[in-house]
Enquirer: 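Attaching a single structure in structure tokens format; questions to follow.
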Amino acid sequence: MVVTGMNGTCYKGGFIVRENFQMCDVKNRKILDMLPNQPPQVTFSCNRTTENCDFQFWINQTESFYCHLNGCSFDQEITDDKNTTIYKCDTIKCECVIGEMLCGKDGSIDLSEWLVEEIKGPADFKCKNTNECRFSEPAMNELILSVFGDENIMLDCDSGECLHYTEVPGFERPRKPKNTAYIILSVLVVFILVAGIFAVIHSLSQDRRSQDSYGEIVLDDETAKLMANHTPATLLFRNVGYFVGEKEILSSIHGVVKPGQVMAILGGSGAGKTSFLDILARKNKAGIVSGDIYVNGRAVRDEEFKSVVGYVDQEDHLLPTLTVYETILYSALLRLPAEMTIDAKKYRVIETMKELGIIDIRDSKIGDTGTRSISGGEKRRVSIACELVTSPSILFLDEPTSGLDAYNAYNVVESLVTLARDYRRTVICTIHQPRSNIFALFDQLLLLGNGHMIYSGEASRCQSYFESIGHKCPPGFNIADYLVDLTMYAARQHDDTNENQDSNSNGNVSIPGARPQLPTRNSIHEIQDSQLYTPRTSEDNVGSFELNNRRPRENNLPRENSTHDINMGEIGDNMSDHLRMLVESYRRSPIAAGVTSEIDLAINSNEQDELVLTSVQESLILSSHRRASWATQFQILSDRTFKNLYRNPMLMLTHYCISIFLALLCGALFFKVTNDIAGFQNRMGILFFMCALLGFGCLSSLNVFAAERIIFVKERANGYYAPITYFTSKVLFDIIPLRVVPPILMSIIIYHMVGLVPGLSEFFKFLLVLVLFNLTAASICLCIGIIFKEVGVASLLSSLVMLFSMLFGGLLLNKESIPGYLAWLKNLSFFNYAFEAMLVNEVKYLQLTEEKYGLQIDVPGATILSTFGFDASAYWSDVTKLALLFMSFIMLSFACLQLFVKELR
Ligand SMILES: Nc1ncnc2c1ncn2[C@@H]1O[C@H](COP(=O)(O)OP(=O)(O)OP(=O)(O)O)[C@@H](O)[C@H]1O
């Protein structure tokens, strides 16, 4: 018998398989006449294993006699129009049921003795077309013939045997459909798909130049409007200080820069130029900033301030795959007023390129380390152009001329000066030892020495000022070089003093009787420095470089300045006497007094104005234009990301090639899986391997963001776009080509080669799971890549996440056998959901047959699934969980990007 629900069926074909039963009505007419209203019936059952049959004769549903037949054989003859079954038994033994009809009931005939003594066999039970049967036994036939005129007992039977449907005689196991055509078709589809993708990419990369033709545009009006339409900004700062931990980086810096002016921040390496520029530009600093910064005499909110300034970093962070023109154009498209037409923006880009002398390299790619690209100086100019193109009210530049030759350095500074003077912009830049012709272009100078302000005021007055305090620039010297060297020398005195003190305390120098040391190259240098940078009166011969070892004179501070003493904070102890002297001299100078009173005046006059300002006017202190909407930002960034992707096709190509190659390899290895236990193992193997392959392939997601992290941070800080638009474009253009296409390619090839369950809906359900799985794995890697800046840490963590997820996937560890207190871990495994869903889709309705010792054991796929701890009804719930995981990690990635990936300098 077959257990209920296990595909049992009632076989009525009449031929015995194991044990069958027949229920027959007797048809002999005379017998029926003799027994009116008492229908005679026969039951006949046989057992193939024991080769026995039982014959029972019933009248009016009461058993009259029964026979037991032994040594039976069973046969079947099938012709075109007949199906005959013949059961033949060697012996038969019958007995009456005493007191029943035919056995003496109510004086009726009694066959008891005759049955026992005469009925010996052989007997046979023969049926034609299932129900036309007859039972024959020689003695019984003789009796029937003599009494009723028939040759034997004629019967009309219904037979039945409970079997598994596969045991029904004539059942043939369905053959797996031949799918060679599908295999060829699927491989062809994949190749056409990939060729199509690359053809599109190739054509896109070919026609960019013609689309971006820019020679003809003349839209002066709009550009002129852009340049004119802004509020000129005077930047005032006082008492600006900066501490990192205990270390004082900047101390009490003051100054004023007006619209139309260029301020140069000068100083030696480590003097604090970049730190100060960052503070002025309101960058997020790691340390503690103090002091006041005003725009037009008013304190302005950060957001308002940042919307009207531009900042050019010391290092260039540009997308290597874009051309010079595209890089500047994207900056313009994202940051120029939304009202401006695209053509006007392009025109502005070209103008800027011409100003900076990079028009000739407009079609060159920015390039990366190791690939031939534009030079470092050209990159510098592209970075400047990205900011200059937006023509901000205040422009900050950190070392804009580093890496440039003298000619180009001059051009760059000249274009900054033009921007400032002609369009009333405020420009502030740090600079390393500018040539004298460049120095002459600056309006304001801020000289820093070891974080202290040595000079802040008009650049043209600095030479006479330093002369007045005994530091006359020797004839023929570049004043900028002289001043920087002076600050370095003054700052070094402090270190030397400390060192000497240290060495004296160690007893290394003043050893009595030791030979005096010969002057070395260093000592010659020191003597020269002391001659050049030691304060002296005007009568001293500052121009001659004799090696006469003169000691610094400290008593020649400009006494006349003392009347201008102003409070600019405490001067720290941590500086040399020389540096202290320079700082003190400046503080007492009329220049410093002028700067301070200018600041005070601006602030005070604004305090007066504030009383009459309405809130509407207040927001117009700095007019900033409306920038590109989120939708436009998304469009521009998508275009840029897509360009970046197809210009650097290696990653995409590798993903596609690996997918196709491995799909073909797996297809060959698992070619046409069988419907047995080994086939089940192979199904599990291929599904699990595909998950593992795609899962680990997603580790490349880590690099997708890591490579651009610094660019994103800088662009975000410079207000190029909202993080949401960057994130969305990045996710879309990374995810569709790299995370959706490869599993589709793999599936198309593998599905038919391996011979997974046929059917269009099954194929699409399989594809859905695989794509969702890949998206989930990629989103997890993206999230880790965003949280952890170090690629090594991120890739280690991602690999561990993959491995642990695999462990709970259901193949390596039986889910039922996980200890209860750890069972929740499987709920975190995205491998678990994907693997279960794919397996359920594949084997839920599959009948597996295992042939052992000549026996065919049928195992339903659902049974094996439950043995492995899978839930055969979990397909859609698994798909939902995968989708939820994907969405959750995408949202978490964005939250982390928004909260943590910020500039902190
Ligand atoms: N976050 C920080 N943590 C510790 N020290 C810092 C930090 N930022 C700046 N400094 C220190 O402050 C000093 C000034 O640095 P800064 O980069 O501003 O100098 P710089 O004048 O721009 O130098 P360079 O011309 O070489 O770029 C340096 O000694 C630097 O080490």
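We're numbering straight along the sequence, starting at 1. When a ligand or atom number is given, it counts from 1 through the structure's own listing order.
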Enquirer: Is the ring centre of Y465 less than 6.0 Å from the ring centre of Y455?
Expert: yes
Enquirer: Taking the six-membered ring for Trp and the full ring for Phe, Tyr or His, determine whether the centres of Y330 and Y720 are under 6.0 Å apart.
Expert: no
Enquirer: Does A286, backbone or side chain, put an N or O under 3.5 Å from an N or O of ligand 1?
Expert: no
Enquirer: Pick one of side chain, backbone, both or neither for how K247 approaches ligand 1, counting any non-hydrogen atom pair under 4.0 Å.
Expert: side chain
Enquirer: So, does G451 sit close enough to ligand 1 that a heavy atom of it is under 4.0 Å from the ligand?
Expert: no
Enquirer: Does R716 count as lying over the ring of Y726, i.e. NZ or CZ under 6.0 Å from the six-ring centre, within 45 degrees of the axis?
Expert: no
Enquirer: With a cutoff of 4.0 Å, is G287 in contact with ligand 1, counting heavy atoms of the residue only?
Expert: no
Enquirer: Ignoring hydrogens and geometry beyond distance, is a side-chain donor-acceptor pair present between E387 and Y311 at under 3.5 Å?
Expert: no
Enquirer: For ligand 1, is there an N or O atom under 3.5 Å from any N or O atom of I249?
Expert: no
Enquirer: Distance under 6.0 Å and angle within 45° of the ring axis: does K730 meet both against F705?
Expert: no
Enquirer: Got an N/O contact under 3.5 Å between Y242 and ligand 1?
Expert: no
Enquirer: With only distance considered, is A271 within less than 3.5 Å of ligand 1 through an N or O on each side?
Expert: yes
Enquirer: Is the cationic atom of R362 (NZ for Lys, CZ for Arg) positioned less than 6.0 Å from the six-membered ring centroid of Y325 and within 45 degrees of its normal?
Expert: no
Enquirer: Looking only at non-hydrogen atoms, which of E399, K273, Q314 approaches atom 27 (O) of ligand 1 most closely?
Expert: Q314
